[in-house]
Amino acid sequence: MSTPFPFTAVVGQDDLRLALLLNAVSPAVGGVLVRGEKGTAKSTAVRALSALMPEVDVVAGCRFSCAPAAPDPACPDGPHEVGAGVQRPARMVELPVGASEDRLVGALDIERALAEGVKAFEPGLLADAHRGILYVDEVNLLHDHLVDLLLDAAAMGASYVEREGVSVRHAARFLLVGTMNPEEGELRPQLLDRFGLTVEVAASREPDQRVEVVRRRLAYDDDPDGFAARWADEETAVRARIVAARKLLPSVVLGDGPLRQIAATCAAFEVDGMRADIVMARTATTLAAWAGRTEVLAEDVRQAALLALPHRRRRNPFDAPGLDEDKLDETLEEFGGGDGSNGSGGSDDSGDSGDEDPDPDGPDGGGGQPPQEGPDDDGGESSGEVPAQGEPSESGQAPSPGAGEQAPVRAAEPFRTKVLSVPGLGEGAAGRRSRARTEHGRTTGARRPQGALTKLHLAATVQAAAPHQRARGRSGPGLVVRRDDLRQATREGREGNLVLFVVDASGSMAARQRMSAVKGAVLSLLLDAYQRRDKVGLVTFRGSTGEVALPPTSSVDAAAVRLESLPTGGRTPLAAGLLRAHDVLRVERLRDPARRALVVVVTDGRATGGPEPVALAGRAARLFAADGVASVVVDCESGPVRLGLAAQLAGELGGTAVTLDELRADSIAGLVRDVQGNSRRAA
């Protein structure tokens, strides 16, 4: 096993290290979600934490890591006698993105369960992680049902496996750590809320700190063992501090003053439910223990709020997590009088607890900051507004040739859209849009298993085994079942699709009110795609070319950002936009052949520029029909006289045309519209 990078050698990332250490002291805090760009030591810090975890006493031979002093009475390997055990290092278990449900929670031997009536259970990763660390890299890419199982186990401290009347329960208490890059998509808000703490990490913009990062990494790569040895004393000190904080934690008092500050802060920031209050209380208590105190101070409450509240402030998928620190300080000052704790309203740092002791390991290191090896930089970027140029008139007239590109306009208020689904039965990634064969959903039939059996169809299995009982010499009440008799249940659920938006940004769409409505419609469809767990892409066309504004991604909010800054103006190269979209689908089909596509063309149907623009657009559209790609055209034509060009385009695509008004879910046309078109994967 390779030597991990020392935790105390990680440069900067103070919030990340503090959040990990707090959970090491008290897993009841609820885990850590680490958000940040690639290359910011997220995985390095998590893996390094495992070396700091104190060793655990376990019952010898128990696959579920029962504590010898208090073994789990329901342990599948039990019952165990209370007594001495053996010591082993705390485990760090990694859950891969492509893991199956059986790999996570464990699997039952269905054949033995039916034939012998025994609960033959093979433990999963949840059992392996008990009393250790469960690390999920790219947690935002994990299937939703696995995230649900994972967080339920973390909340209950136990894992339950129930299939066809056979049930197994075992303890599963672990430190849950998830890392993610927001550019690849967000977690649903209700799943974000289940993580106790969250931290945002970014590479430092301070040259000296970046130099130190490179220096330490090169030294570690050249001699991992020697580098770890140089940091051994610091590692030992932090490990001892974790043990001391664990012992002190039960003695920490959360007074009425800090508790009132916690409640007032959660109310002021309008967080949903009571989980935030509970997490803040546990975090503040742990911060006090980490600092070597038995009393919770206002600075602990402030630090707890900075870690526990930002990800609970999101009201829709396009809101960035964050917290107004001025408002936080005002709330703490308003409700902090009379408790004898240090107020935080006069803090002049952006997130520090006001600790003036340069020794972070000292007993009064208020806020409990971890060891620091370099300046902390919160560099940011300034943003500016795009000045308006040649603003169009309300009548929809295109700008004069000399007016140039039009400034972006804001999207209108989003609305609930109709469900646009791909026809047929797919086999793509789990989602909520189109019908598909999935591991979860309603049972529609049975088949012979291909590989390991995961979902038993009991009735079909018994029916297959029943005719052979006499030939197999059955003499008792039990059913003689063989491997060939087992039947896998086939289930139908919903899949996520690739929703590729092809948006007309030409001069014919340039009227401010009109483009605002168009952007509002696309934003509404993006919200729908987020809720249905789709991948999205954005192709725009104007002037003389089509452009891939956003390659297919799971980050729906990234598409919203690109849409908001989309300028308009110029001719309408409809054919170029369609051809560019066709190329995007061709490449994406090679990368992810199981994911079916839905093309949403947002245009008034006009085509200008170049020779025979209408004929070229028709030929480009027929490529989609020939490939069996499902499509819908959102008709943006307005005014009393309409040419109906969008409907003609929809006919060439082999799809359906809807107006902006018809796109609303509350329109008279109904709530659901299946997109027409031949799907190569249709049932």
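Heavy-atom basis, side chains included; hydrogens, waters and symmetry copies ignored.
With sequence neighbours excluded, the residues forming a ring pair (Phe, Tyr, Trp, His ring centres under 6.0 Å) with Phe5 are Tyr220, Phe227, listed by chain and number. In this structure, Arg282 has no salt bridge (Lys or Arg N to Asp or Glu O under 4.0 Å) partners at least two apart in sequence or on a different chain. Taking Ala158 as the reference, Tyr160, Arg169 meet the side-chain contact (heavy atoms from CB on, under 4.5 Å) condition, with sequence neighbours excluded. With sequence neighbours excluded, no residue satisfies side chain to side chain donor-acceptor pair (under 3.5 Å) with Ser524. With sequence neighbours left out, Lys42 forms a side chain to side chain donor-acceptor pair (under 3.5 Å) with no residue at all. Scanning for side chain to side chain donor-acceptor pair (under 3.5 Å) contacts around Arg275 gives Asp193, with sequence neighbours left out. Under the salt bridge (Lys or Arg N to Asp or Glu O under 4.0 Å) criterion, Asp137 pairs with no residue at all, not counting sequence neighbours. Shown here are the salt bridge (Lys or Arg N to Asp or Glu O under 4.0 Å) partners of Arg194, two or more places apart in sequence or in another chain: Asp152. Residues that satisfy the salt bridge (Lys or Arg N to Asp or Glu O under 4.0 Å) test with Arg88, not counting sequence neighbours, are absent from this structure. The side chain to side chain donor-acceptor pair (under 3.5 Å) search around Asp221 returns Arg217, not counting sequence neighbours. Under the rule for a ring pair (Phe, Tyr, Trp, His ring centres under 6.0 Å), the partners of His170 that lie at least two apart in sequence or sit in another chain are Phe64.
When side chains are defined from C-beta on, Thr294 does not count as touching Val253, because their heavy atoms never get closer than 4.5 Å. No side-chain heavy atom of Leu259 sits under 4.5 Å from any side-chain heavy atom of Val296. Using a 4.5 Å cut-off on side-chain heavy atoms (C-beta onward), Leu176 and Val32 make no contact. Between Leu22 and Trp290 the shortest side-chain heavy-atom distance falls below 4.5 Å. Contact annotation: the side chain of Lys519 never approaches that of Leu523 to less than 4.5 Å [non-hydrogen atoms, C-beta and beyond]. In this structure, Val56 and Gln87 have side chains that are not in contact, with every pair of non-hydrogen atoms separated by 4.5 Å or more. At a threshold of 4.5 Å between non-hydrogen side-chain atoms, the residues Arg216 and Val11 count as touching. Residues Phe7 and Arg239 are not in side-chain contact: their nearest non-hydrogen atoms beyond the backbone lie 4.5 Å or more apart.
Formation of a donor-acceptor pair under 3.5 Å by the Arg173 side chain with backbone atoms of His130 is not found in this model. At distances below 3.5 Å, at least one donor-acceptor pair connects side-chain atoms of Glu235 with backbone N or O atoms of Thr8. Between the side chain of Ser516 and the main chain of Arg410, a donor-acceptor pair closer than 3.5 Å is present. No donor-acceptor pair closer than 3.5 Å links the side chain of Ser26 to the backbone N or O of Asn23. Between the Lys535 side chain and the Val499 main chain, no donor and acceptor come within less than 3.5 Å of each other. Put simply, the side chain of Asp15 never gets that close to the backbone of Val199: no donor and acceptor are under 3.5 Å apart. A donor-acceptor pair is defined here as one N or O able to donate and one able to accept, closer than 3.5 Å; such a pair exists between the side chain of Arg131 and the backbone of Asp57. Using a distance-only test at 3.5 Å, with no hydrogens or angles considered, no donor-acceptor pair links the side chain of Arg246 to the main chain of Arg241.
Both tests do not hold together for Arg260 against Phe335: distance to the six-membered ring centre under 6.0 Å, angle to the ring axis within 45°.
The structure places CD of Glu333 at 11.5 Å from CG of Leu328, a figure rounded to the nearest 0.5 Å. The structure places SG of Cys266 at 10.0 Å from CD1 of Ile278, a figure rounded to the nearest 0.5 Å. Distance OG1/Thr198 to CG/Leu33: 4.5 Å, rounded to 0.5 Å. Rounding to the nearest 0.5 angstrom, the gap separating the OG1 atom in Thr40 from the CG atom in Leu16 is 8.0 Å. Going from atom CD1 of Ile133 over to atom CZ of Phe174 covers 12.0 Å, rounded to the nearest 0.5 Å. Rounding to the nearest 0.5 Å places OG1 of Thr265 at 9.0 Å from CG of Asp277.
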Kindly determine whether Val201 and Gln13 satisfy side chain to side chain contact (heavy atoms under 4.5 Å, CB included), including the steps that lead there. CA-CA 7 Å; Val201 296; Gln13 308 297 11; 3.6 Å; yes
Run the side chain to side chain contact (heavy atoms under 4.5 Å, CB included) test on Phe501 and Leu525 for me, step by step, so that the C-alpha distance in whole Å, both residues' side-chain angles and the decisive distance to 0.1 Å come before the verdict. CA-CA 9 Å; Phe501 294 93; Leu525 290 168; 3.6 Å; yes
So Val279 and Leu307, side chain to side chain contact (heavy atoms under 4.5 Å, CB included) or not? Walk me through it. CA-CA 10 Å; Val279 170; Leu307 294 173; over 6 Å; no
Step by step, work out the side chain to side chain contact (heavy atoms under 4.5 Å, CB included) result for Val136 and Leu142. CA-CA 9 Å; Val136 188; Leu142 201 63; 4.0 Å; yes
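Between Leu287 and Asp300, the shortest heavy-atom contact is CD1-O, 3.3 Å. Considering every non-hydrogen atom in both Leu146 and Leu104, the closest pair reads O-CD2, 3.8 Å. Nearest heavy atoms, Ser204 versus Arg210: O-NH1, 2.6 Å. When all heavy atoms of Val536 and Ser555 are compared, the pair lying nearest together is CG2-O, 4.3 Å. Between Gly196 and Arg312, the shortest heavy-atom distance links the atoms O-NH1, 3.2 Å. For Arg35 against Glu200, the heavy-atom pair with the smallest separation is NE-OE2, 2.5 Å.
Electrostatic pairing of Glu212 and Arg215 counts as a salt bridge here, judged by a charged N lying under 4.0 Å from a carboxylate O. Salt-bridge annotation for Arg433 and Asp534: present, with a side-chain N of the basic residue lying under 4.0 Å from a carboxylate O of the acidic one. Using a cut-off of 4.0 Å between Lys/Arg side-chain N and Asp/Glu carboxylate O, Arg302 and Asp329 are scored as salt-bridged. Salt-bridge check for Asp528 with Arg532: passed, with a basic side-chain N closer than 4.0 Å to an acidic carboxylate O.
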Got a list of side-chain donor-acceptor pairs under 3.5 Å for residues 89-96, not counting sequence neighbours?
unit_1	atom_1	unit_2	atom_2	d
Arg91	NH1	Asp128	O	3.4
Glu94	OE1	Arg47	NH2	3.0
Glu94	OE2	Arg47	NE	3.0
Glu94	OE2	Arg47	NH2	3.3

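Counting non-hydrogen atoms of other residues, nucleotides and ligands closer than 6.0 Å to NZ of Lys327 gives a total above 12.
Side-chain contact annotation: Thr179 with Tyr135, donor-acceptor N/O pair under 3.5 Å present.
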